[in-house]
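Note that this is a predicted model, so its numbers are computed, not measured.
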Amino acid sequence: MLIMLIVSLVVVALWQYLLSVSDGFVTGYSLVIFGPLQWFRSFLLGWIPFSIGDVLYIAASLLVIVLIFKWVCALIKRKITKTIFLKGLLRVFAAVGIGYIWFFLGWGGNYNKRPLAEYWELRKDTSGVDDSSLIAFDKYLIAKLDEYAPQAKFKSFEETEKLAREYYAQFPAATSRSNVLRIKPAIFGNLLEYAGIQGYYNPFTGEGQMNAQLPDFIQPFVLCHEMAHQAGIAAEDDANLLAFVVGTNTNDPAFLYSCYFNVWLYTNGELRSRDSVLAKELRDGLNTITLGHIETLRALRRKYKSPLSRLSSVFYDNYLKLHKQEKGLESYDDVVKTAMAWEERRGRVMPVRLP
């Protein structure tokens, strides 16, 4: 068993190296491994109304707690010999190794894809946004929010999720992958807010899930974001960009509003870090509906503020950096420059496929 595990890990390490140096291997991984596997997992689990991944996470957590309890009891009673300890340690390494191999096959290779901005040949200089462009984009988004806020009629989670799937199916770049998309309500509900999480993709089961109790004006964007992950987009800034592009490619005021609103939050946040007075001035000029939505989000964050959110942020920040996203959690903010570049090129031909 140990030999098989070592050989498997060596093969995965070699494949990881090849993915990092060759776009051809990345394409091969997407078409031959991830794509078929994601389709199979969606076919197998998609019809189940709740998240199997959540159930597995709960079961794994309980198992770890039980095993730790048993080891502590055995240590207290001095029933652990050197042989038993080494065998137990080997089992732990084997379980972690098998889990990592499955993670890599079912998801990890996607982190080697080129950024969507590069793949779609958006404005080449996306390294940063100058102050004047940022201010102009903030005002542009505010105009969009003022336009769509009175028109937006939000629906239930189930209806919105179904619409998100339909909009992905209509989007030229994602049509071939829309049959694997299905976002489920997370079992944990608002408990996710204590960790600062709105939605997430399970790399082991291929399921996307989100807090279905989120405010309705947030849901369309979060649904499109998690569906981007199911479509094989790993980087968080790219998932944000694809969610924005798909959502604003519709004639649905609810999706248009939600996507412009979420990108405005990032944009105004970036502006606030440079000129807090101007950022507040622009925010205060928003329509009353959007101002009410901002206050709703603030109240939600105040209600569920906890140390767990900080711990979750540190963990996920390091996870992202470990998987080729050098900016960590800050990479989410890159949607400001990529969304701006997308809006600049809206009159040009749409991309025909995803990487």
Peer 1: Is Arg283 reaching over with its side chain to a backbone N or O of Ile294, donor-acceptor style, under 3.5 angstrom?
Peer 2: no
Peer 1: Test salt bridge (Lys or Arg N to Asp or Glu O under 4.0 Å) on Lys113 and Glu118; report intermediate values, then the result.
Peer 2: CA-CA 10 Å; Lys113 289 180 176 178; Glu118 178 184 334; over 6 Å; no
Peer 1: Ignoring hydrogens and geometry, is there a side-chain-to-backbone donor-acceptor pair from Gln209 to Ile187 under 3.5 Å?
Peer 2: no
Peer 1: Take a 6.0 Å sphere around CZ of Phe103 and say whether it holds more than 12 heavy atoms from other residues, nucleotides or ligands.
Peer 2: yes
Peer 1: Verify the neighbour count for atom CG of Asp284: are there more than 12 heavy atoms of other residues, nucleotides or ligands below 6.0 Å?
Peer 2: yes
Peer 1: Under the criterion side-chain hydrogen bond (donor to acceptor under 3.5 Å, both in side chains), which of Lys153, Gln151, His293 is the partner of Tyr257?
Peer 2: His293
Peer 1: Please answer whether the main-chain N or O of Leu134 pairs with a side-chain N or O of Asp138 as donor and acceptor at a distance below 3.5 Å.
Peer 2: no
Peer 1: Looking only at atom types and distance, does a side-chain atom of Asp238 sit under 3.5 Å from a main-chain N or O of Leu116, one as donor and one as acceptor?
Peer 2: yes
Peer 1: With ring centroids as reference points, do Phe244 and Tyr260 lie under 6.0 angstrom apart?
Peer 2: yes
Peer 1: Do Leu63 and Ile58 sit in one hydrophobic cluster, given that two such residues count as connected whenever their side-chain heavy atoms are within less than 4.5 Å of each other, even indirectly?
Peer 2: no
Peer 1: Apply the test side-chain hydrogen bond (donor to acceptor under 3.5 Å, both in side chains) to residues Asn287 and Tyr148: give CA-CA distance (whole Å), side-chain angles for both, the deciding distance (0.1 Å), then the verdict.
Peer 2: CA-CA 10 Å; Asn287 63 83; Tyr148 293 116; over 6 Å; no
Peer 1: Is there a side-chain hydrogen bond (donor to acceptor under 3.5 Å, both in side chains) between Gln219 and Thr160? Walk through the geometry before answering.
Peer 2: CA-CA 8 Å; Gln219 290 187 17; Thr160 306; 4.6 Å; no
Peer 1: Between the main-chain N or O of Arg301 and the side-chain N or O of Glu193, is there a donor-acceptor pair closer than 3.5 Å?
Peer 2: no
Peer 1: For Ala117, does its backbone N or O pair with a side-chain atom of Thr338 as donor and acceptor, under 3.5 Å?
Peer 2: no
Peer 1: Lys155 and Asp216: side chain to side chain contact (heavy atoms under 4.5 Å, CB included), yes or no, with the steps?
Peer 2: CA-CA 7 Å; Lys155 299 177 173 62; Asp216 52 13; over 6 Å; no
Peer 1: Look only at the side chain of Trp102 and the backbone of Phe204, and say whether a donor-acceptor pair between them is shorter than 3.5 Å.
Peer 2: yes
Peer 1: Would you check, one step at a time, whether the test salt bridge (Lys or Arg N to Asp or Glu O under 4.0 Å) holds for Glu161 with Arg165?
Peer 2: CA-CA 6 Å; Glu161 194 272 342; Arg165 280 186 276 132; 2.9 Å; yes
